[in-house]
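Sequence positions, counted from 1, serve as the residue numbers for this chain. Nothing here was measured: the structure is a model prediction, and the numbers come from that model.
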Amino acid sequence: MEEYKTQEQKLKFYKSKEWKAIRVRVLKRDNYECQECKRNGLVYTDAHDPEKHKRLDVDHIKEIYTHPELALEMENLQTLCIPCHNKKHKRFFFRKKINNWDDEKW
């Protein structure tokens, strides 16, 4: 069984033909819609070419580093928009707000 604990192992997995093929199958199965948005009564869809990337991710419900045996199982995969995927993994990005009312300008 493969392990996906190091960055190199994960990168190799996400560049594999097997992952790329199942990713497209999951996107099609989920109708190119974010499943978390859908659960919350919202619609976030993206019908663009899945190879061109990317406003949608295919997410492992149970993470590959803890459940490597489920890495390519359709039942363990879901389509998420980038904001929902980041929220799930607690990845937050903040932009520095520009103050248009800076005192030095006056």
- Task: List the steps, then state whether side-chain contact (heavy atoms from CB on, under 4.5 Å) holds for Thr6 with Gln9.
- Result: CA-CA 5 Å; Thr6 69; Gln9 290 168 329; 3.1 Å; yes
- Message: For a side-chain contact (heavy atoms from CB on, under 4.5 Å) check, start with the C-alpha distance between Leu56 and Leu27, then their side-chain angles and the critical distance, and finish with the verdict.
- Response: CA-CA 8 Å; Leu56 293 174; Leu27 289 168; 4.2 Å; yes
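The shortest heavy-atom contact between Leu80 and Arg39 is CD2-NH2, 4.5 Å.
Here the side chain of Glu36 pairs no donor or acceptor atom with the backbone of Cys34 at under 3.5 angstrom. In this structure, the side chain of Asn76 does not engage the main chain of His60 through any donor-acceptor pair within 3.5 Å. A side-chain donor-acceptor contact under 3.5 Å links Arg29 to the backbone of Met74.
Rounded to the nearest 0.5 angstrom, Asn40 CG and Cys84 SG are separated by 7.0 Å. With values rounded to the nearest 0.5 angstrom, Leu77 atom CG is found 11.5 Å from Gln35 atom CD. Atom NE2 of residue His85 and atom CG of residue Asp57 lie 5.0 Å apart, to the nearest 0.5 angstrom. Atom OG of Ser16 is separated from atom CG of Leu72 by 6.5 Å, given to the nearest 0.5 angstrom. Here the NZ atom belonging to Lys38 is positioned 9.5 Å from the OG1 atom belonging to Thr79, to the nearest 0.5 angstrom.
More than 12 non-hydrogen atoms from other residues, nucleotides or ligands lie less than 6.0 angstrom from NZ of Lys88. No more than 12 heavy atoms of other residues, nucleotides or ligands lie within 6.0 Å of NZ in Lys28, so this atom counts as exposed by the packing criterion.
Residues Leu11 and Lys15 meet the side-chain proximity criterion, which asks for heavy atoms closer than 4.5 Å. Looking at Val26 and Arg23, their side chains never come closer than 4.5 Å, going by heavy atoms from C-beta outward. You'll find the side chain of Gln7 stays beyond 4.5 Å of the side chain of Lys12, heavy atoms only. The closest side-chain heavy-atom distance from Tyr14 to Ile64 is below 4.5 Å.
Aromatic ring centroids of Tyr65 and Tyr4 lie 6.0 Å or more apart.
A salt bridge is absent between Lys62 and Glu73; no separation between the charged side-chain nitrogens and carboxylate oxygens falls under 4.0 Å.
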